Every structure is written in C-alpha cells, then in structure tokens.
Amino acid sequence: MTQQPLLLLDVDGPLNPYAAPNTRRPEGYGTHRLLPESWVARNAPTPRGRVKPLRVWLNPAHGAELLALPYELAWATTWMDEANTFIGPRIGLPELPYIPWTEVFREDPDGLHWKTRELVAWAAGRPFVWLDDELGPQDIEWIEANHPAPALPLWVDPRAGLRELHFAALREWAEDAC
Ligand SMILES: [Mg+2]
C-alpha cells in the first residue's frame with residue numbers, strides 16, 4: 001500500500017486568519033482567547049497572570065474538511081504539541097504528530113524561513129504539502145532543490161485563512177503527485 005502524502009499545517013495564518021481586520025471576524029469563525037505556555041514564555045518576564053491571552057479565530061468546519069483529504073496530517077507550527085491541546089479539539093481534529101522545532105524563529109543564513117530546513121528533514125523524503133502564511137519564493141526553490149520527493153509549499157493569506165481554493169489545490173495535487 002502506498003503512503004498518503006503529508007499535509008504539514010501551520011496554525012496562525014491558515015487556521016487562524018489573524019491578519020483579518022480586527023473588527024471583522026471572517027465568516028464561519030469563532031473567537032477563542034487562549035493562553036498556551038509558549039505564549040506565556042514569549043511574554044517573559046511578564047508573570048503568567050498578567051499576560052494577555054491570544055485572540056485566535058478558528059473555523060469549526062476545518063477539522064472535518066482537512067480529515068476528508070487524502071493526506072496524513074501533521075502540525076508544522078510554533079504551537080507544536082500545544083496545537084493538540086488548544087487548536088485540534090476546537091476544530092474537530094484528533095491528536096496529530098507535530099514537528100518539534102529545535103529553535104523557533106531562528107535566523108537562517110540563506111534567508112530561508114526558519115521552518116524550512118527542519119520541515120524538510122522531518123518529512124524524511126515523503127511527498128508533502130506545506131500550508132503556511134510566511135513561506136516565500138526562496139523556500140519554494142530550496143525545497144524543490146533539496147527534497148527528493150514531490151512537494152508543494154502553499155502560501156495562505158493570513159487575512160483570509162484556508163479557503164476552498166486551497167482545498168481544491170490539495171485534492172488536485174494528491175491526485176497528480178501520488
Ligand atoms: Mg503562520
């Protein structure tokens with residue numbers, strides 16, 4: 001049996017369209033105020049009780065829509081394992097594997113996104129789609145040159161989040177690539 005391709009999911013941007021205008025929550029989304037430990041740590045030395053929770057917009061339909069795709073899902077987000085606690089259950093996703101970054105936001109010597117090298121290493125030669133609002137042309141080029149299997153780095157507008165065009169692209173790519 002052939003393995004399904006991986007779908008590597010960023011949270012902020014694709015699932016949480018954080019850059020949409022503050023006063024106009026995108027349709028279909030609910031508002032959550034979350035206080036993951038990684039956010040508390042990023043706000044150090046502010047004590048936990050005084051850290052302002054993150055406003056996260058999530059669409060409860062996304063879990064089922066993602067699970068219906070012919071992919072194996074995994075988190076590729078600064079939320080790491082906290083995505084399983086804070087994000088997955090709110091959109092109907094089961095516990096998923098996650099990429100355990102050695103250092104988030106690390107500056108890359110060649111100007112790649114800080115996720116790119118570790119993400120490709122983690123994929124270990126398997127076909128993948130990567131959904132992220134921060135990847136750029138240099139990442140697409142580098143992945144093309146350094147990943148031995150088909151890969152589709154797919155940019156998502158953080159003002160709009162995942163849309164039907166992404167789901168359509170995902171279905172089409174899985175058919176062509178595998
Ligand atoms: Mg993001």
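Numbering of residues begins at 1 and proceeds along the displayed sequence. First listed ligand is number 1; within each ligand, the first listed atom is number 1. The structure presented is a predicted model; accordingly, all values stated were derived computationally and were not measured.
Within the 2.8 Å limit, Asp12 places at least one N, O or S atom next to the Mg ion (ligand 1). Coordination check, Asp133 versus the Mg ion (ligand 1): passed, since an N/O/S atom of the residue sits under 2.8 Å.
In Asp10, the N, O or S atom that comes nearest to the Mg ion (ligand 1) is OD2.
Here the two rings, on His113 and Phe105, have centers that are 6.0 Å apart or farther.
Contact annotation: the side chain of Pro158 approaches that of Tyr18 to within less than 4.5 Å [non-hydrogen atoms, C-beta and beyond].
Judged purely by distance below 3.5 Å, without hydrogens or angles, the side chains of Thr31 and Trp57 pair a donor atom with an acceptor atom.
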### Task
Test side-chain contact (heavy atoms from CB on, under 4.5 Å) on Asp108 and Arg117 and set out the steps.
CA-CA 9 Å; Asp108 186 272; Arg117 293 172 200 268; 2.6 Å; yes
